Amino acid sequence: MIRAVDVKEITENIKEMCIEANHFLAPDMGRALERAAVSEKSPLGRQILSQLKENLKIAAEDMIPICQDTGMAVVFAEVGQDVHLEGGSLEDAVNEGVRRGYAEGFLRKSVVRDPLLRDNTKDNTPAVIHTKIVPGARLKLTVAPKGFGSENMSRIFMLKPAEGIEGVKNAVLTAVGDAGPNACPPMVVGVGIGGTFEKCALLAKEALTREAGSHSPLPHIKALEEELLDQINGLGIGPGGLGGTATALAVNINTYPTHIAGLPVAVNICCHVNRHITRVI
Amino acid sequence: MEKHIRVPVDKETAKSLSAGDYVYLTGTVYTARDAAHKRMEEALREGGALPFDIKGQVIYYMGPSPARDGRPIGSAGPTTASRMDKYTPRLLDMGMGAMIGKGKRSAEVIDAVARNGAVYFAAVGGAGALLSKCITSSEVIAYDDLGTEAIRRLRIENFPAIVVIDSKGGDLYRTAAEEYRHSEGGDQ
């Protein structure tokens, strides 16, 4: 049964999601931040965490974006194969939503048209859009505006299979250690393991959109998530990078089959806000 | 130690600050980030002048989100300072008094801070809404075409920051993390 969806509906939802994600903390991140505030051992760390909580309150009450870097809009679109989009293209509809959201929400325009010539597009488009065709007649949209303080600290490692799980741990700890205060800790660490070069990076990005505090259904990966979170919080970086025990709020790992010759590991780092919001149309 | 500091900052005050001091800044600062630094560097290379007299002044690495009606500025937290490292030693040698940003600095910047008796403050990354409340006015004074990256003169009041790099070579990011590092992993 084919279901018709007007692309105007996509535009309207993307617009609202851009504004919402930039002003209101996702519930899972709120819970993770509360847990960190309780466990933080450094007095300065606790002071920073309470500043961050106060910041979130001001953002929501006064409609001031949580962070001035309102990000490049990353959009995941899962399109049911029984959906028929009417009235224009998916890509144009998403970009129009971003354009309106960033204008009406007083969000910062942070996108340059050409990476070398660097002229600002002035409307924060284009978005980075990842589309997946799935069974069914629904449309699932996730908006994850990504700031570049943390994006710049993200890494990809093409490990050898012989490096195994220890190599993976080293890669993640190296990336997080190098990121330190730059990534606005406490951070969320999205890890991709497997696939090809580009698939691995995408796994890490998708891992960031997974609920903080949730775990991989694979027992050995769940154990790795827990062990890495523990080790990262032992690095001493702490809130704001000013020392402490709350360096990461979550480590989310997504995996995919890979080649007999490879062990790709991607580490996508996000700040404590880790903006993400999902709607199903 | 908590201190209330007037900005621009005089040498004596800058030298009295130590890594780890929690400060509240009041006075005037200038914003500049990647694109503005590139332009300032180009101006100097061509024998021109900077758009403002940098002696003793504070540069805040920040590009705000747009202001809603009736407000001086939008969200206004610090950006990563290391992207400006390439340009910073020269500005410090020209007399820049302090910087506000977030994140680590290069060895060259740390040396130039010590050499010039300057200071590097960190504001809390990601606290842009809270910090916007400490900004009472904002005026673009140069490079208007750069949008959020234009140079702005800001009046700030009780703006919270932490001394990270001081004139004695102290670097809080290095020392603070050591204190809470557990060699066998954390205990959360």
Side-chain angles (χ1 to χ4, degrees), chain A residues 22-23 35-36 39 41-42 44-45 47-48 51-52 54-60 62-70 106-110 118 120 122 147-149 152 180-185 227 229-247 271-273, chain B residues 19-20 22 31 33-35 38 62-69 71 73-83 101-105 122-133 145-149 160 162 164 172-188:
Chain A
N22 272 299
H23 290 86
R35 285 195 294 273
S39 68
K41 292 206 164 55
S42 150
L44 180 56
Q47 194 172 348
I48 304 296
Q51 254 193 48
L52 293 176
E54 177 68 15
N55 181 65
L56 292 162
K57 188 165 167 272
I58 293 170
D62 294 358
M63 285 305 279
I64 301 170
I66 296 168
C67 177
Q68 74 290 339
D69 184 354
T70 52
F106 291 82
L107 306 179
R108 196 178 78 180
K109 287 71 180 176
S110 310
R118 306 200 73 81
N120 197 303
K122 297 195 165 71
F148 260 56
N152 278 338
N182 296 26
C184 296
E227 186 184 344
L229 180 60
D230 196 41
Q231 290 190 349
I232 287 168
N233 286 331
L235 292 174
I237 296 166
L242 298 164
T245 51
T247 298
C271 67
H272 68 280
V273 184
Chain B
Y22 199 97
T31 70
R33 41 172 296 153
D34 309 59
K38 185 161 181 273
M62 191 275 288
S65 65
R68 283 183 185 269
D69 288 347
R71 297 204 186 122
I73 203 159
S75 194
T79 195
T80 307
S82 58
R83 293 197 313 273
K102 64 154 167 122
K104 294 178 258 196
R105 307 307 302 262
V124 174
L130 178 128
L131 293 171
S132 80
K133 295 283 186 182
D145 61 301
L146 293 180
T148 186
E149 295 207 65
I162 295 129
V164 168
L172 183 65
Y173 286 140
R174 197 164 36 81
T175 48
E178 285 301 321
E179 198 179 327
Y180 290 93
R181 183 188 300 275
H182 307 285
S183 51
E184 288 147 51
D187 49 12
Q188 178 159 312

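All chains are named by letter (A, B, ...) in the order of the sequence lines, taking the proteins before the strands, and each is independently numbered beginning at 1. All figures in this text were calculated on a predicted structure; none of them were measured in a lab.
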J.: Between A:L44 and B:Y22, is the side chain to side chain contact (heavy atoms under 4.5 Å, CB included) condition met? List the steps.
T.: CA-CA 9 Å; A:L44 180 56; B:Y22 199 97; 4.0 Å; yes
J.: Okay, side chain of A:N182, backbone of B:K104: is any donor-acceptor separation there less than 3.5 Å?
T.: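 Judged by distance alone, yes, a pair lies under 3.5 Å.
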J.: Quick check against the 3.5 Å criterion: does A:N55 have a side-chain atom that pairs as donor or acceptor with the backbone of B:G126?
T.: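 Flag set: sc A:N55 to bb B:G126 pair under 3.5 Å.
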J.: Which bit of B:A76 is near chain A, if near means a heavy-atom gap under 4.5 Å: side chain, backbone, both or neither?
T.: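 It is the backbone, since no side chain atom gets that close.
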J.: Look at A:H272, A:K122, A:Q47 and state which one has the largest set of heavy-atom pairs under 4.5 Å with chain B.
T.: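 Highest number of heavy-atom pairs under 4.5 Å: A:Q47.
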J.: Between chain A and each of B:S132, B:G103, B:A122, count heavy-atom pairs under 4.5 Å; write down the option with the most.
T.: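 Answer, by heavy-atom pair count under 4.5 Å with chain A: B:G103.
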J.: Non-hydrogen atoms of chain A under 4.5 Å away: do they reach the side chain of B:S82, the backbone, both or neither?
T.: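 The side chain, not the backbone.
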J.: Would you name the heavy atoms of A:G243 and B:Y180 that are closest together and state the gap between them?
T.: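 Closest approach of A:G243 to B:Y180: C-CD1, 3.7 Å.
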J.: Taking B:G101, B:G147, B:G125, B:G77 one by one, which has the highest count of heavy-atom pairs under 4.5 Å against chain A?
T.: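 Ranked by contacts with chain A, first place is B:G77.
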J.: Check each atom of B:I162 against the heavy atoms of chain A and say whether the ones under 4.5 Å are side chain, backbone, both or neither.
T.: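 The answer is the side chain of B:I162.
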J.: What's the separation between atom CE in A:M63 and atom CZ in B:R71, rounded to the nearest 0.5 Å?
T.: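 Rounded to the nearest 0.5 Å, the CE-CZ separation comes out at 9.5 Å.
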J.: Can you tell me if A:R118 uses its side chain to pair, donor with acceptor, with the backbone of B:A35 under 3.5 Å?
T.: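 The answer is no, because no donor-acceptor pair under 3.5 Å joins these two groups.
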J.: Do A:L242 and B:V164 come close enough that some side-chain heavy atom pair is under 4.5 Å?
T.: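 A:L242 vs B:V164: side chains touch.
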J.: What's the spacing between A:I237 CD1 and B:R181 CZ if we round to 0.5 Å?
T.: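 Result: 7.5 Å between the selected atoms.
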J.: Measure the CZ-CG distance between B:R83 and A:N152 for me, rounded to the nearest 0.5 Å.
T.: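 Answer for the CZ-CG pair, B:R83 versus A:N152, is 6.5 Å.
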J.: For A:C67 versus B:S75, what's the shortest heavy-atom pair and its separation?
T.: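 A:C67 and B:S75 have their closest heavy atoms at C-OG, 3.2 Å.
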J.: Out of A:I66, A:L52, A:L56, return the one with the most heavy atom pairs under 4.5 angstrom to chain B.
T.: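 That would be A:I66.
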J.: Is any side-chain heavy atom of A:Q68 closer than 4.5 Å to a side-chain heavy atom of B:T148?
T.: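 Answer no - side chains too far apart.
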J.: Picking from A:G238, A:A59, A:G241, which has the most non-hydrogen pairs under 4.5 angstrom with chain B?
T.: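 Most pairs with chain B among the choices: A:G241.
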J.: Does the A:R108 side chain pair with the main chain of B:G63, one donor and one acceptor, at a distance under 3.5 Å?
T.: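 Here the side-chain-to-backbone pair exists.
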J.: Looking at every non-hydrogen atom in both residues, tell me the closest pair between A:I48 and B:V124 and how far apart they are.
T.: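 So the two residues come closest at CD1-CG2, 3.6 Å.
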J.: By a 4.5 Å heavy-atom criterion (distance strictly below it), what part of B:A81 contacts chain A: side chain, backbone, both, or neither?
T.: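 Answer is neither: B:A81 stays 4.5 Å or more from chain A.
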J.: Rounded to the nearest 0.5 Å, what separation is found between the CD atom of B:E149 and the CG atom of A:N120?
T.: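 Between atom CD of B:E149 and atom CG of A:N120 there are 8.0 Å.
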J.: Would a 4.5 Å heavy-atom cut-off, applied to side chains only, mark A:D62 and B:R68 as touching?
T.: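 Side-chain contact under 4.5 Å: no.
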J.: Can you tell me which of B:A176, B:G128, B:P66 forms the most heavy-atom pairs within a distance under 4.5 Å of chain A?
T.: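 Most pairs with chain A among the choices: B:P66.
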